[in-house]
2 protein chains.
Amino acid sequence: MVKMSDVAEKANVSKATVSRVLRNPETVKKTTRDKVLAIIEQLNYQPNILARHFRRSETNTILVVIPNILNTVFSHILGGIEHEAGKHGYRVLLANTNRQVEKEYEFLDHLKQRQVDGMILLSARMDKSVLYDVMKQYPVVLTADYLEGIPIPTVTIDNVSSGRTATEHLIKLGHSRIAHITGPLHLLVSQDRLKGYRQALLQNDLDVDNILIQEGDFTHESGYNQMTKLLALEHPPTAVFSANDEMATGIIKAAKDHGLSVPEDLAVVGFDNVKLSAIYDPGITTIAQPMFEMGNKAMEILLHQINGDDSCKKQYVLQNELVIRESCGAKRKNNS
Amino acid sequence: MVKMSDVAEKANVSKATVSRVLRNPETVKKTTRDKVLAIIEQLNYQPNILARHFRRSETNTILVVIPNILNTVFSHILGGIEHEAGKHGYRVLLANTNRQVEKEYEFLDHLKQRQVDGMILLSARMDKSVLYDVMKQYPVVLTADYLEGIPIPTVTIDNVSSGRTATEHLIKLGHSRIAHITGPLHLLVSQDRLKGYRQALLQNDLDVDNILIQEGDFTHESGYNQMTKLLALEHPPTAVFSANDEMATGIIKAAKDHGLSVPEDLAVVGFDNVKLSAIYDPGITTIAQPMFEMGNKAMEILLHQINGDDSCKKQYVLQNELVIRESCGAKRKNNS
DNA sequence: CTGAAAGCGCTAACAT
DNA sequence: ATGTTAGCGCTTTCAG
């Protein structure tokens, strides 16, 4: 393996100059710089990045902690992170927790050992005080998920207002018996969407009937099962707000299997606007999270922190948007 | 930052002993080991992994090159890689190429600079000879994609036979006018699925009508568009084999928009068995790729290579499976 | 603008 | 079983 001293020797300069050519080319006279560059080319020299990382105790790598790679919401966010990271010469290390808290703690060591320059969390189940300590010492950003009570930099949408928007949309379409199938209620995201649902009902003088609120777990299957329950009710709902798009597909399937048509007999609104909601038939009306932008923004903030600018350590709330498709009945299908 | 020498000093041993406690505990007497461990705990010592990487020129990190994170086939494979890597203390660095060949070349440098111990490619668009050279010097495994002519370790399914299975299934159901919407034909995967389709027709004494073969790009939209074309034909097909599941959804949508029912008027078989195919209504009959296992196996082979065992440098062909759902008409829907 | 020299923290021969 | 020692290849003061 050819090393810096080989280049230096062959170019009749010192190692220091070679190093400068690589990292601060403008501080080297053009003629020497060109000479060194030529030799580097000629010897096909590749700097030993590990030595560099060691010496500088920086890795140009950031860690992304993901609860579940298979969830496309996270892949979209990851895409945004990746994009912004790439632009600034940073690499992305993936940390899949499979929703296990212990894994989150484990990955913290990467930060502490300076194996990565910063961390983006797409899920924060760990103890708040632990996270708070970490966040004071190292660059950390939270996105998709969020926490109450500690001032950790966060990029999200307003899930309460989004939940309200989704529900109000159904109310405006004339529904008064509206169910909500929530996400796992230990997640703040799910709680907030539920909160928004409640607010919308109350503000429109509609009763909140707890029997119409069922907890799901974001899977198609849970949407199917909970909807099947709701349809067995004496007074089943005429509309459902689903806390994500995948559950919405389960809800629609359950309705069909029960002999109902969507949206004629049951209106459905989902959440996220993942590709599935556009592909599915009927197209699912949904709240769009700006997933790519969330990833982008999170990375941007992280980079600021890495560069010592802590002024960006705040909460960022991005805009959501109601995307109207067929499942809610607001828009007629082309062929009907 | 507390370092190894601090621990050594406080424990009245040499740095070497501390290092041994960390990396080869069994070579240290239990009493000294416990003493050192206690001090490590007490001082909250975290080894400087960067120094270790430098010194050992190993990083316990592997690189996964992905053409597109949003494609769930790749996320599933990634899941398998991640799982196997985690078991052996390896970390996974993500490299998204967005299907740009230049990016592939770029990421090669990570290997050459020893920033990663090995590489798994989920797409190999780069020049074969370049890849061949790399593969001779560094641990590399190819999966999902594959190449002809160079002996690079590969984990895939037999796409020709899979294409044949899918098509034969439609033939057995009595169809004789079967279309095929392919993936991008510059991919060997797509070419092979097409080859299987052709073989099935020929072996069953059916004509191959080129008008029934249309090239798609794996998106829902391309499935929709190509199917719309096929439906405008004087003799439209009664069945379609789609080179992936997402296009199958587009095909079904096009059929519906044309007033046809699936599977009654048009039978559809997809490919991959991603979650979408199970969620979609009607459920899509498809060829299941063992995605998780492919990732697992690829990682396993890579680890062997990293550990200097090159006997595993061969091609591995995993089993595919036909999953029958509603879209082909072999199984009646519950409610019909 | 360039060179000399020190040393980052760890590992692994080699010696005891 | 443990200690001694010599770097790994780079970056970065500090001098010149």
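Letters A, B, ... mirror the listed sequences (proteins, then strands); counts begin at 1.
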OP1 or OP2 of C:dC10 under 4.0 Å from side-chain N/O of B:Ser19:
no
For the pair A:Thr97 and A:Glu104, evaluate side chain to side chain donor-acceptor pair (under 3.5 Å) and give the outcome as yes or no after the intermediate values.
CA-CA 6 Å; A:Thr97 64; A:Glu104 288 190 15; 5.1 Å; no
When all nucleic acid strands are considered with a 4.0 Å heavy-atom cut-off, which category describes B:Arg20: base, sugar-phosphate, or nothing?
base
Would you check if there is a donor-acceptor pair between the side chains of A:His88 and A:Glu84 at a distance under 3.5 Å?
yes
Identify whether a stacking contact exists between B:Phe54 and C:dC10, where the ring centres must be under 5.5 Å apart and the planes under 30° apart.
no
Assess the side chains of B:Asn159 and B:Tyr146: does a donor N or O sit below 3.5 Å from an acceptor N or O?
yes
Could you point out which residue of A:Ile81, A:Val140, A:Ile66 forms a side chain to side chain contact (heavy atoms under 4.5 Å, CB included) with A:Ile120?
A:Ile81
Is there a side-chain contact between A:Arg52 and the phosphate of D:dG9, meaning an N or O under 4.0 Å from OP1 or OP2?
no
Could you give me the CA-CA distance, side-chain angles and deciding distance for B:Val92 and A:Leu93, then say whether side chain to side chain contact (heavy atoms under 4.5 Å, CB included) is met?
CA-CA 6 Å; B:Val92 176; A:Leu93 198 62; 5.9 Å; no
Bend angle of the helix from C:dC1-D:dG16 to C:dT16-D:dA1, from helix axes over five pairs at each end, nearest 10°:
20°
For B:Thr156 versus B:Asp145, what's the shortest heavy-atom pair and its separation?
CG2-O, 3.7 Å
Rounded distance in Å - CE (B:Met4) to P (C:dG7):
20 Å
State whether a side-chain donor-acceptor pair under 3.5 Å links A:Arg125 with A:Gln100.
no
Nucleotide D:dA1, atom C1' - distance to CD of B:Glu26 in whole Å:
13 Å
Taking OP1 and OP2 of C:dC8, is either one under 4.0 Å from a side-chain nitrogen or oxygen of B:Arg55?
no
Less than 4.0 Å between a side-chain N and a carboxylate O, is that true for A:Asp6 and A:Lys3?
no
DNA chain C contacts made by residues 28-51 of chain A, counting heavy atoms under 4.0 Å:
A:Val28, A:Lys29, A:Thr32
Rounded to the nearest angstrom, tell me the gap between atom CG in A:Asn24 and atom P in D:dT12.
8 Å
I need the residues from residues 6-17 of chain A with at least one non-hydrogen atom less than 4.0 Å from DNA chain D; give them sorted by number, or say none.
A:Lys15, A:Ala16
Go through the steps to decide whether B:Arg91 and A:His110 satisfy the test side chain to side chain donor-acceptor pair (under 3.5 Å), and finish with yes or no.
CA-CA 10 Å; B:Arg91 304 170 312 157; A:His110 286 251; 3.2 Å; yes
When rounded to whole Å, the NE2 to C1' distance for the pair B:His53 and D:dC10 reads 17 Å
Output the rounded distance in Å from CZ (A:Arg23) to P (D:dT13).
12 Å
At what distance, to the nearest 0.5 angstrom, does NZ of B:Lys313 lie from CD of B:Gln305?
5.0 Å
Rounding to an integer number of Å, can you tell me how far A:Glu58 CD sits from D:dG9 P?
21 Å
A:His83 vs A:Phe292 aromatic rings, parallel, tilted or perpendicular, using cut-offs 30° and 60°?
tilted
